[in-house]
2 protein chains.
Amino acid sequence: MQHQPVEQGQLVDQDNFQKVKEEFSSFLETHGHRKTPERFAILEEIYSRQDHFDADALFMDMKSKNFRVSRATVYNTLEILTNCNLVIKHQFDSNNALYERAYGFKQHDHLICKGCGKIVEFCDPRIHGITSMVGELMKFKIDDHKLTLYGLCGDCQD
Amino acid sequence: MQHQPVEQGQLVDQDNFQKVKEEFSSFLETHGHRKTPERFAILEEIYSRQDHFDADALFMDMKSKNFRVSRATVYNTLEILTNCNLVIKHQFDSNNALYERAYGFKQHDHLICKGCGKIVEFCDPRIHGITSMVGELMKFKIDDHKLTLYGLCGDCQD
DNA sequence: ATCCCTGCAAAGGGTTTGCAGACGC
DNA sequence: GCGTCTGCAAACCCTTTGCAGGGAT
């Protein structure tokens with residue numbers, strides 16, 4: 001079983017990325033956080049990616065491009081970005097968290113191949129019906145969900 | 001924010017537990033694993049619980065009852081039990097995995113309160129419709145899923 | 001000038017592993 | 001008796017933390 005990252009998701013054009021930077025900037029401002037070059041460099045690196053990556057991959061990637069960052073700052077910035085909803089953090093099955101950018105993309109869920117580890121995205125509007133109904137039934141105010149399907153992809157069957 | 005375990009789920013009567021033991025026993029046999037007293041003691045401890053627990057809680061619990069087990073054996077047995085579908089392993093958001101028994105209970109999903117950490121279970125048949133449709137669309141053979149909803153429970157609202 | 005943020009390295013916490021003795025089979 | 005399982009403790013890996021210097025405000 002060979003796990004591999006998957007390139008997927010829409011591209012981010014320059015206009016959208018401008019909006020992302022502004023959103024991050026104002027979030028930092030309103031929360032009393034400084035606007036450091038490291039934070040924006042990390043944001044940029046994340047938005048140039050299209051896959052689900054872990055903190056270390058991001059760190060190594062920036063190192064290889066001669067950005068001078070530390071793991072501590074990568075983790076710190078990932079947390080801030082998660083808090084302001086520009087990044088989504090996933091705890092799939094492995095020990096380490098996976099992240100993906102989140103601005104301007106349709107809400108989606110994931111399909112994971114147990115054979116090769118491939119991660120595929122999908123959307124299904126019916127999930128909203130389920131969340132709102134269950135929330136009402138259980139007296140919860142639901143504001144988020146994670147749905148992950150597991151199986152074998154076309155290549156890994158038979 | 002004070003996280004607390006939740007007592008929930010159906011009780012396991014003696015008849016059902018007998019079946020569970022037999023299932024475990026034959027799984028061990030067919031897979032060339034030995035039937036050690038530790039493994040059955042751990043199975044029994046798990047099925048006497050009704051909550052979502054982590055490996056260490058299970059370990060401490062057995063220690064407190066003067067079972068002589070090691071963490072290594074607890075982890076080992078949890079993995080075997082997960083493989084034979086008598087236990088489900090969850091990677092919610094915390095660093096540590098949570099487990100729950102899985103025999104003879106309806107398939108269900110989870111609702112997690114972001115306030116107090118309470119975990120509530122629910123069933124919704126529509127999920128099967130989604131999994132089968134998405135599987136067909138994406139050419140995946142789906143055989144499992146995890147749906148988790150996040151929000152605030154009645155007690156933690158306002 | 002303040003004091004938050006950074007880099008570095010060490011600590012932390014859950015899980016896995018290596019090894020010698022124990023015990024199913 | 002063979003070969004796996006166990007307990008113990010150390011190793012491992014990802015993530016967080018402590019600290020001293022640096023830079024945003």
Side-chain angles (χ1 to χ4, degrees), chain A residues 3 21 24-45 52-84 87 89-99, chain B residues 3 5 21 24-45 52-84 87 89-99 117:
Chain A
H3 283 222
K21 272 205 294 203
F24 189 33
S25 191
S26 73
F27 182 90
L28 291 174
E29 213 164 297
T30 57
H31 288 73
H33 296 141
R34 292 185 181 164
K35 299 174 189 172
T36 67
E38 289 83 1
R39 288 176 175 166
F40 284 96
I42 291 170
L43 177 68
E44 190 149 4
E45 182 60 30
H52 300 79
F53 54 90
D54 61 32
D56 201 59
L58 178 59
F59 171 69
M60 296 305 269
D61 214 38
M62 299 198 69
K63 278 280 186 187
S64 77
K65 294 180 180 173
N66 292 318
F67 278 115
R68 199 171 146 283
V69 265
S70 66
R71 278 196 178 72
T73 301
V74 167
Y75 278 105
N76 174 349
T77 305
L78 280 170
E79 185 178 353
I80 297 175
L81 287 169
T82 301
N83 288 338
C84 74
V87 163
K89 178 179 182 176
H90 293 286
Q91 284 288 349
F92 292 127
D93 300 280
S94 46
N95 326 327
N96 54 341
L98 294 189
Y99 299 85
Chain B
H3 283 221
K21 273 204 293 202
F24 189 33
S25 192
S26 73
F27 182 91
L28 291 175
E29 214 164 296
T30 58
H31 288 72
H33 296 141
R34 292 183 181 164
K35 299 175 189 171
T36 67
E38 289 84 0
R39 289 178 174 165
F40 284 96
I42 291 170
L43 177 69
E44 190 149 4
E45 182 59 31
H52 300 79
F53 56 90
D54 63 31
D56 202 58
L58 179 60
F59 170 71
M60 297 304 270
D61 213 39
M62 299 197 68
K63 278 279 185 188
S64 78
K65 293 180 179 173
N66 292 320
F67 279 115
R68 199 172 148 285
V69 264
S70 66
R71 278 195 178 74
T73 302
V74 168
Y75 278 105
N76 173 349
T77 305
L78 280 171
E79 186 179 350
I80 297 175
L81 286 169
T82 301
N83 288 337
C84 76
V87 163
K89 178 179 182 175
H90 292 286
Q91 283 289 348
F92 292 127
D93 300 279
S94 47
N95 328 326
N96 54 343
L98 294 188
Y99 300 84

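These numbers come from a predicted model, not from an experiment.
- Listed pair B:T73 / D:dG7 meets the phosphate criterion, a side-chain N or O lying under 4.0 Å from OP1 or OP2.
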Kindly indicate, with the supporting measurements, whether the criterion side-chain contact (heavy atoms from CB on, under 4.5 Å) is fulfilled by B:T73 and B:T36. CA-CA 11 Å; B:T73 302; B:T36 67; 5.9 Å; no

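- In this entry the distance linking CZ of B:F40 with C1' of D:dC5 reads 14 Å, nearest Å.
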Check against salt bridge (charged side-chain N to carboxylate O under 4.0 Å, His left out), B:K89 and B:E79: CA-CA 9 Å; B:K89 178 179 182 175; B:E79 186 179 350; over 6 Å; no

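- Taking atom CD on A:E38 and atom P on D:dG22, their separation rounds to 14 Å, with Å as the unit.
- Contact of the B:T77 side chain with the B:L43 side chain is not registered, since no non-hydrogen atoms from C-beta on lie closer than 4.5 Å.
- Remark: P of D:dT6 and CZ of B:F59 are 14 Å apart, rounded to the nearest angstrom.
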Taking it one step at a time, do B:F40 and B:L28 satisfy side-chain contact (heavy atoms from CB on, under 4.5 Å)? CA-CA 11 Å; B:F40 284 96; B:L28 291 175; 4.1 Å; yes

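- Side-chain atoms of B:T30 come within 3.5 Å of backbone N or O of B:F27 as a donor-acceptor pair.
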Sugar-phosphate atoms are those with a prime plus P, OP1 and OP2; base atoms are the rest. Using that split, label each nucleotide of nucleotides 17-25 of chain C B, S or - for protein heavy atoms under 4.0 Å, 5' to 3'. B-----BBS

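- C:dT15 atom C1' lies 8 Å from atom OH of B:Y99, rounded to whole Å.
- Of the candidates B:H33, B:E38, B:R39, B:R39 is the only one forming a side-chain contact (heavy atoms from CB on, under 4.5 Å) with B:N76.
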Between the protein and nucleotides 10-14 of chain D, which nitrogen or oxygen pairs come in under 3.5 angstrom?
none

Report the C-alpha distance between B:V69 and B:I42 in whole Å, list the side-chain angles of each, state the deciding distance to 0.1 Å, and finish with yes or no for side-chain contact (heavy atoms from CB on, under 4.5 Å). CA-CA 9 Å; B:V69 264; B:I42 291 170; 4.2 Å; yes

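- Where A:S70 and B:K89 meet DNA chain C, the nucleotide closest to each residue was compared, and A:S70 sits on the side nearer the 5' end.
- Distance from the side chain of A:N76 is smallest to C:dT6 among C:dT6, D:dT6, C:dG7.
- Atom CD in A:Q91 sits about 14 Å away from atom P in C:dG14, given to the nearest Å.
- Between A:E29 and A:K35 there is a salt bridge, since at least one side-chain N of the basic residue sits less than 4.0 Å from a carboxylate O of the acidic one.
- Counting to the nearest Å, the P atom of D:dT15 and the CZ atom of A:F53 are 12 Å from each other.
- The nearest whole Å value for the distance from the CD1 atom in B:I80 to the P atom in C:dT16 is 13 Å.
- The line from OH of A:Y99 to NE2 of A:H90 is 11.0 Å long, rounded to the nearest 0.5 Å.
- Across the protein-nucleic acid pair, A:E79 atom CD and C:dC5 atom C1' stand 14 Å apart, rounded to whole Å.
- The side chain of B:R39 sits closest to D:dC5 out of D:dC5, D:dC8, D:dG7.
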